[in-house]
Amino acid sequence: MDLQTFMQERKKLVEDALFTHIAKIDAPPVLLDSMRYSISAGGKRLRPLLVLATLKSYGKSEQIGVPVACAIEMIHTYSLIHDDLPSMDNDDYRRGKPTNHKVFGEDMAILAGDALLTYSFEIMQQLLNEGVEPIKVVTLIKELAKAAGPTGMVGGQVADMEGEGKKLSLQELEYIHRNKTGKLLGFSIISGAILAGASEEEIATLELFTDHLGLAFQIRDDILDIEGEVEKIGKPVGSDTLNDKVTYPALLTMEGAKGKLAFHIEEAKRLLSQLPLEADLLNQLCDHIARRDH
């Protein structure tokens, strides 16, 4: 299937489901407006698309993955809201729009992030309505919590903050991004594989695949922070340098960073070729991550 067609169609599917979920919440209108503001801010919806692409690659119904896709996107959105706060990266713009706290204030931005995080786990129970076995639902909830929590995204964010202004090794930089970015992105694929009934051996291979894909995603992000266009990336270029963060181009040079990106994409594709699935769509997604311009 053509990747652009897949992304356009599945993106609409996920966004419709996200707005439907928020519309069902009985909560103060200002909180819902704040949640909806950041959910509707655009973005690639890459993580939800990876869930659905993995299910499709295994020849399974994509519909069963929609609750997981929505939960992951809500957690990703909450992390962006909090990441933009003055106490964190202090960003004024996200995807070309004023950041949540610039519109709703810091207090409401924090609470909107909290609400998206906690509501995501409520959404996960809807997997039962899709006929997913309870033991799989529990496993997925546990793995999502690990990917988003102190041993995953939150832990990576802490390491990222503590690394500001310091000289980091490549190993230390990879630790940050394996956790801050890679764990949640990786869960997107692993969750699809679990729902598809993949074997333990296949999931182990996919975990190696997602490790390379997550690092490739972050390297490309660092490259775009220098070479990207403001209109496409939706925020000022050079923000990482301004925040005194160590990046792959700063550590490896731009040429070295691009070489490292190519290596991780090549390894990801090699691992994908070992799996008993239709890999074309996931291969196209690898290329998309390597070449994306925002």
Side-chain angles (χ1 to χ4, degrees), residues 10-11 13-18 20-22 24-25 39 44-80 113-156 178-211 213-214 217 271-272 275-277 281-282 285:
R10 289 357 179 244
K11 183 178 179 181
L13 171 68
V14 170
E15 290 179 343
D16 287 348
L18 284 165
T20 297
H21 283 306
I22 292 178
K24 292 178 180 178
I25 303 174
I39 281 288
K44 302 170 288 297
R45 312 296 189 195
L46 177 63
R47 292 154 189 81
L49 292 176
L50 286 171
V51 178
L52 305 185
T54 303
L55 281 163
K56 184 173 180 62
S57 297
Y58 271 103
K60 303 295 182 180
S61 168
E62 295 169 48
Q63 187 60 42
I64 63 172
V66 173
V68 183
C70 289
I72 293 170
E73 189 66 8
M74 285 190 174
I75 289 177
H76 176 57
T77 302
Y78 118 76
S79 74
L80 299 181
D114 294 344
L116 287 166
L117 169 62
T118 49
Y119 190 54
S120 68
F121 289 97
E122 184 177 338
I123 290 173
M124 290 286 283
Q125 63 82 30
Q126 293 190 6
L127 288 168
L128 296 170
N129 300 334
E130 300 293 338
V132 179
E133 304 95 311
I135 186 63
K136 279 190 179 180
V137 176
V138 172
T139 298
L140 287 166
I141 289 173
K142 181 189 75 172
E143 293 302 320
L144 178 56
K146 286 170 61 178
T151 59
M153 184 179 69
V154 173
R178 278 193 168 99
N179 288 278
K180 181 182 176 182
T181 303
K183 290 287 180 69
L184 193 61
L185 191 147
F187 173 77
S188 302
I189 293 170
I190 299 303
S191 63
I194 291 171
L195 288 169
S199 69
E200 290 184 7
E201 291 79 9
E202 290 166 30
I203 290 173
T205 300
L206 279 168
E207 286 174 343
L208 295 173
F209 164 76
T210 61
D211 184 60
L213 198 65
F217 181 91
L271 289 160
L272 201 55
L275 293 162
L277 47 72
L281 193 58
L282 289 172
L285 278 162

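Everything quoted here is computed from the prediction, not taken from an experiment.
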remark   = When rounded to the nearest 0.5 Å, the distance separating CD1 of Ile123 from CD of Glu73 is 11.0 Å

inquiry  = To the closest 0.5 Å, what do you measure between NE2 (His76) and OG (Ser188)?
reply    = 9.5 Å

Rounded distance [0.5 Å steps], CD1 in Ile189 versus CG in Leu55 = 11.5 Å

task = Sorted by first residue and then second, give each salt bridge (Lys or Arg N to Asp or Glu O under 4.0 Å) pair with at least one member in residues 47-62; sequence neighbours left out.
result = Arg10-Glu62

ask   = Quick one: does Tyr58's side chain get under 4.5 Å of Leu195's, heavy atoms only?
value = no

task = Considering non-hydrogen atoms only, spot the tightest contact between Ala148 and Val154 and give its length.
result = O-CG2, 3.2 Å

key: Worked verdict on Leu13 versus Leu52 for side chain to side chain contact (heavy atoms under 4.5 Å, CB included)   = CA-CA 10 Å; Leu13 171 68; Leu52 305 185; 4.2 Å; yes

request  = Taking the side chain as every heavy atom from C-beta outward, state whether Leu275 and Phe209 have any atom pair closer than 4.5 Å.
outcome  = no

request  = Under the side chain to side chain contact (heavy atoms under 4.5 Å, CB included) rule, collect the residues that match up with Leu117, sequence neighbours excluded.
outcome  = Ile75, Tyr78, Phe121

ask   = Can you name the side chain to side chain contact (heavy atoms under 4.5 Å, CB included) partners of Asp16, sequence neighbours left out?
value = Lys12

message = Are the side chains of Leu18 and Thr77 in contact, using a 4.5 Å heavy-atom criterion?
response = no

All side-chain hydrogen bond (donor to acceptor under 3.5 Å, both in side chains) counterparts of Ser57, not counting sequence neighbours = none

ask   = Among all residues two or more places apart in sequence or in another chain, which pass the salt bridge (charged side-chain N to carboxylate O under 4.0 Å, His left out) test with Lys183?
value = none

Euclidean distance, Met124 CE relative to Glu122 CD, rounded to 0.5 Å = 12.5 Å

task = Compare every heavy atom of Ser191 with every heavy atom of Val51, then report the nearest pair and how far apart it is.
result = CG2-OG, 3.7 Å

note = Taken in chain and number order and not counting sequence neighbours, the residues that satisfy side-chain hydrogen bond (donor to acceptor under 3.5 Å, both in side chains) with Glu143 are none

inquiry  = Please enumerate all residues that pass side-chain hydrogen bond (donor to acceptor under 3.5 Å, both in side chains) together with Tyr119, with sequence neighbours excluded.
reply    = none

key: For Lys11 against Leu49, the heavy-atom pair lying closest together   = N-CD2, 3.8 Å

remark   = Heavy-atom closest pair (Ala193 atom, Leu206 atom, distance to 0.1 Å) is CB-CD1, 3.5 Å

inquiry  = Can you list everything that forms a side chain to side chain contact (heavy atoms under 4.5 Å, CB included) with Glu130? Sequence neighbours excluded, please.
reply    = Gln63, Ile64, Pro67, Val132

task = Give the minimum heavy-atom separation between Ala17 and Cys70, together with the two atoms involved.
result = CB-SG, 3.5 Å

query = Nearest 0.5 Å, what's the OG1-CG distance between Thr54 and Leu282?
reply = 5.0 Å

query = Tell me, do Leu144 and Leu184 make a side-chain contact under 4.5 Å, heavy atoms counted?
reply = yes

message = Measuring only between side-chain heavy atoms, which start at C-beta, is Leu140 closer than 4.5 Å to Phe187?
response = yes

task = Compare all side-chain heavy atoms of Leu46 with those of Leu285 and state whether any distance is below 4.5 angstrom.
result = yes

message = Any non-hydrogen side-chain atom of Leu116 less than 4.5 Å from a side-chain atom of Ile39?
response = yes

query = With sequence neighbours left out, what residues match Leu128 under side chain to side chain contact (heavy atoms under 4.5 Å, CB included)?
reply = Pro134, Val137

ask   = How about Ile72 and Leu50: do any of their side-chain heavy atoms sit closer than 4.5 Å?
value = no

key: Qualifying residues under salt bridge (charged side-chain N to carboxylate O under 4.0 Å, His left out), relative to Glu15, sequence neighbours excluded   = Arg45

query = What's the shortest heavy-atom distance between Thr210 and Gly186, and which atoms?
reply = CB-CA, 3.5 Å

